[in-house]
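The structure appears below as structure tokens.
Worth saying up front: this structure is predicted, and the values here are computed from it rather than measured.
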Amino acid sequence: MLITQYCLIKPPEIRLNGSVIFDHPTSEPPEFLKSAYRNLKINYPKFFKMDALCKLAFLSAEVLLKNQEITHRYDAQEIGIILQNSSSSLETDEKHQESINDRQNYFPSPSVFVYTLPNVMVGEIAIKHRIKGENAVLICKMPDARQLYEYVYDHFLQNRFKCCITGRVESYHNKTSVSLMLVEKEETATSLVKPKKMCIFDLSNFERIFNKAI
Amino acid sequence: MEELIEKLKKEIIQVLNLEEVKPEDIDSDMALFGDGLGLDSIDVLELIVLLQKEYGIKIKDPKEGRRIFTSVRTMAEYILENQNK
Amino acid sequence: MSICNFTASFKDMRRVYFGADNVITSLGFTTAENAEQVLKGRTGIALTTDERLCPGPLAFSGIKDDLLDEKVREFIGKSHCTSSFTRLEKIFILSILNALTGNPIDPANPRTIFIFSTTKGNIDLLEIYRRKFFEPDRVHLWRMAEVITQFFGSPNKPFIISNACISGSVAIMAASRLITSGRYDQAIVTGGDILSEFIVSGFQSFQALSPVACSPFDAHRTGLSLGEGCGTVILTADANIAVHHRAVEYLGGATTNDANHISGPSRDGEGLTLAISAAMKEAGVSSEEIDFISAHGTATPFNDEMESLALDRAGLSPVPVNSFKGYIGHTLGAAGIIETILSAFSIRNNILFKSAGYTKNGVSRPLNIITDNRYQPVRRVLKTASGFGGCNAAIVIGN
């Protein structure tokens, strides 16, 4: 398997395969995310309904998958999404909790509550890109490249998918970062962005890219 | 009625996060669901919350939602009929 | 991580067996207690007013605190200061302790991995009045898992799956892969969720809750009933343990995504159908070989309809099917594990459990809903689940 694309987000920068493609004057997440959306000329009004975690996951997938045409090269069910983070959806959880703290002013919002699950970020990516394969969200205390790598590797070994969007998406107050990779079986991968030995989906390459945005 | 309709348009844009929509883009009789503004099932629920929070109206049966929220005008009519009941 | 005993290929795939298990719900503190109550047709869902959860009456299945405290004193209190654990942590620890009494594995062994499944963990700690009892980090899922694995002396970083209502199923699948690959020899798979104002208010905002105990697949179903629960099962490569526990084996599983909507089930059930087909293919079973289906069956109008379409598309309409949620409610992150454990019970005892709350078919496909408990050979069971985010999961187990 090969890592064919990777997207790193650490405000104020978005990088694709190591090159900066967006650089925003401020790293404040709300402005950063909206500005990136506009700058990348994405047309998807539902973006504005998403919470920060899903906006981040969505943006990184948009950048990662642009021009990759993965649904032309793979069946929808052959593409998986396996993501990791530490804070789950806690940022939005706190927002939901605020809306119910005062019984006299008690108006829980369904459009906030729906985002109080970390796997909804997977759903948003799946909906936009029509991806239907294996999907999961793993939570760990600290960024853990090895745990994620082995999880994804074992899926490939068992032929559970032929292509996987995987990495870490974190959004919790001032901790905003993404390391997202496109991993594909070698026989169906198209052009590589680095010399092949740097693209091989092994623990060393995976860790190197995974840790860049932390 | 027209004042309420204009107020509703702003509120709809705000609670449904229709960031790129302006009040003048929403025709008072335009379908809110389907081909009109393209709202979905979560949006109906959110509008139910709006009616309760801003206008004190509790919708007992969510299935009524689609009928009440056909357009901004039908929303306004429903509010005027049911407010303070 | 694991001691290096990893087989780099799945060619000689080890089989994965279900060892001892435990279920804690409003119906009891062991699997046997829960199964007994289910067989008697008792539901743990009651209409109660609990001001902590919601201002008015709510039909839910709650673990009784007085009984819980008694068990905690008995099993944890003698060696630990129990006020250092949150309510959910106590439930997890009790469940794991009970499962371990039935299984001679050492949770502190580096070849044993903990896999947690939960949707919201200690989310009740976000409440203003609860925050002061524990450190701020305790609300994080990883911290909850850390407290529990430290209790058992596990040297490994646990896996924590938080994937909405399919979390439990995903955790079981993850465990099987970790064992098959040789990375670990056994897995303590444990899933739990408790109710809180956070969760209740959220589901209320979705108008998803039934005013009475839920009726999966029924024509008059009016929504779901929430439930508290914890399920623990020990998965192992050791066939000897399997013999002791009347071998039930993990045979196959898959997850898919509808790629349709983040909260509404797909209208045609395609995503779940794909998961079911993939799971059955991996298990090497045809639809005729499935003896029982433990459905997700939340009793919302849309879920049950979607599930009936999916089962029908997969050729499974004639197969006896139930939902356990009429007995124990929707236990969220625990559901996939508890309901798989009860399915294993079905296999071991050749019993089909009646589907609680069902009197008349309320879905468009002619499903074979189980209307009375009956004894008949049960060898292969399919467990299905679906959740927010458009995810679906299917597992096949059997002997």
Side-chain angles (χ1 to χ4, degrees), chain A residues 46 50 54 76-77 80-81 86-90 93-94 96-101 103 106-142 144 146-147 150-151 153-155 157-160, chain C residues 1-2 6 8-10 13 55 116 119-121 123 126-128 139-143 145-146 157-164 166-167 170 173-174 177-178 180-181 183 197-198 201-207 254-263 270-271 274 278 282 387-391:
Chain A
K46 282 186 193 173
M50 297 178 201
C54 289
Q77 207 185 345
I81 308 174
S86 297
S87 308
S88 179
S89 54
L90 194 54
D93 296 352
E94 288 169 358
H96 174 67
Q97 183 65 44
E98 260 174 58
S99 74
I100 59 172
N101 277 338
R103 284 271 170 96
Y106 193 84
F107 298 104
S109 153
S111 60
V112 170
F113 185 69
V114 74
Y115 288 103
T116 59
L117 288 165
N119 65 294
V120 177
M121 63 174 166
V122 168
E124 293 286 15
I125 297 173
I127 291 166
K128 173 62 164 50
H129 299 277
R130 315 285 309 146
I131 292 168
K132 299 184 179 178
E134 292 278 339
N135 55 106
V137 170
L138 310 175
I139 309 290
C140 17
K141 178 178 180 177
M142 303 296 291
D144 192 339
R146 176 185 275 270
Q147 190 187 77
E150 289 178 351
Y151 195 91
Y153 181 87
D154 290 351
H155 274 74
L157 217 54
Q158 275 196 334
N159 288 315
R160 297 194 176 276
Chain C
M1 285 288 265
S2 59
F6 170 59
S9 82
F10 277 72
M13 289 204 338
F116 289 87
T119 60
K120 299 316 298 170
I123 205 71
L126 283 184
E127 291 168 23
I128 301 172
V139 77
H140 281 285
L141 304 183
W142 57 259
R143 181 64 189 133
E146 195 172 58
K157 276 186 244 178
F159 279 78
I160 303 159
I161 309 282
S162 190
N163 216 96
I166 74 167
S167 298
V170 175
M173 284 185 233
R177 267 192 303 281
L178 289 167
T180 314
S181 65
R183 295 187 196 276
E197 194 179 31
F198 182 102
S201 62
F203 278 94
Q204 281 176 328
S205 76
F206 264 83
Q207 313 241 357
T255 63
T256 58
N257 198 288
D258 289 340
N260 175 54
H261 192 273
I262 53 173
S263 64
E270 190 208 10
L274 291 173
E282 184 184 0
F388 267 20
C391 52

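In terms of heavy-atom pairs under 4.5 angstrom with chain C, the leader among A:Q97, A:K46, A:E124 is A:Q97. Top candidate by heavy-atom pairs under 4.5 Å with chain A, chosen from C:G389, C:S167, C:A174, is C:G389. Per-residue counts of heavy-atom pairs under 4.5 Å with chain A were compared for C:G271, C:A164, C:S263, C:S205; the largest is that of C:S205. When each of C:I161, C:V170, C:D258, C:I166 is checked for heavy-atom pairs under 4.5 Å with chain A, C:I161 comes out on top. When C:A254, C:G390, C:G387 are compared by the number of non-hydrogen pairs under 4.5 Å with chain A, C:A254 comes out ahead. If you tally non-hydrogen atom pairs under 4.5 Å between each of A:V122, A:V120, A:D93 and chain C, the highest count goes to A:D93.
The distance from atom OG of C:S181 to atom CG of A:L157, rounded to the nearest 0.5 Å, is 8.5 Å. The CD atom of A:Q147 sits 7.5 Å away from the CD1 atom of C:I160 when rounded to the nearest 0.5 Å. Atom NZ of residue C:K157 and atom CE of residue A:M142 lie 9.0 Å apart, to the nearest 0.5 angstrom. Note: C:L141 CG to A:K141 NZ = 14.0 Å, rounded to the nearest 0.5 Å. Note that the OG atom of C:S201 and the CZ atom of A:R103 stand 9.0 Å from one another [nearest 0.5 Å]. Between A:L90 atom CG and C:I123 atom CD1 the span is 6.0 Å, to the nearest 0.5 Å.
Across all non-hydrogen atoms, the minimal contact from A:Y153 to C:R183 is CD2-NH2, 3.8 Å. Shown here for A:P110 and C:F206, the closest heavy-atom pair between the two residues is O-CE1, 3.4 Å. Closest non-hydrogen pair, A:K132 versus C:L274, comes out as CD-CD1, 4.5 Å. Minimum interatomic distance between A:F113 and C:F203 (heavy atoms only, all atoms of both residues): CE2-N, 3.8 Å.
Heavy-atom distances place the backbone of A:S109, and not its side chain, under 4.5 Å from chain C. Within the 4.5 angstrom heavy-atom criterion, only backbone atoms of C:N260 (N, CA, C, O) approach chain A. Interface remark: A:F107 contributes no atoms to any contact with chain C (heavy atom separation under 4.5 Å). Of the two parts of A:S88, only the side chain, counted from C-beta on, holds a non-hydrogen atom closer than 4.5 Å to a non-hydrogen atom of chain C. Neither the backbone nor the side chain of C:A145 comes within contact range of chain A, judged by heavy atoms closer than 4.5 Å.
Listed for the A:R130 side chain is a donor-acceptor partner under 3.5 Å among the backbone atoms of C:A259. The backbone N or O of C:T256 sits less than 3.5 Å from a side-chain atom of A:N135, completing a donor-acceptor pair.
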- Stepwise side chain to side chain contact (heavy atoms under 4.5 Å, CB included) check, A:I139 with C:F116: CA-CA 10 Å; A:I139 309 290; C:F116 289 87; over 6 Å; no
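Counting only heavy atoms from C-beta outward, the side chains of C:N257 and A:I131 never approach each other to under 4.5 Å. Residues C:E270 and A:Q77 have side chains not in contact (no heavy-atom distance under 4.5 Å, counting atoms from C-beta outward).
For the ring-ring contact (aromatic ring centres under 6.0 Å, His included) test, residues two or more places apart in sequence or in another chain that qualify with C:H140 are A:Y172, C:W142.
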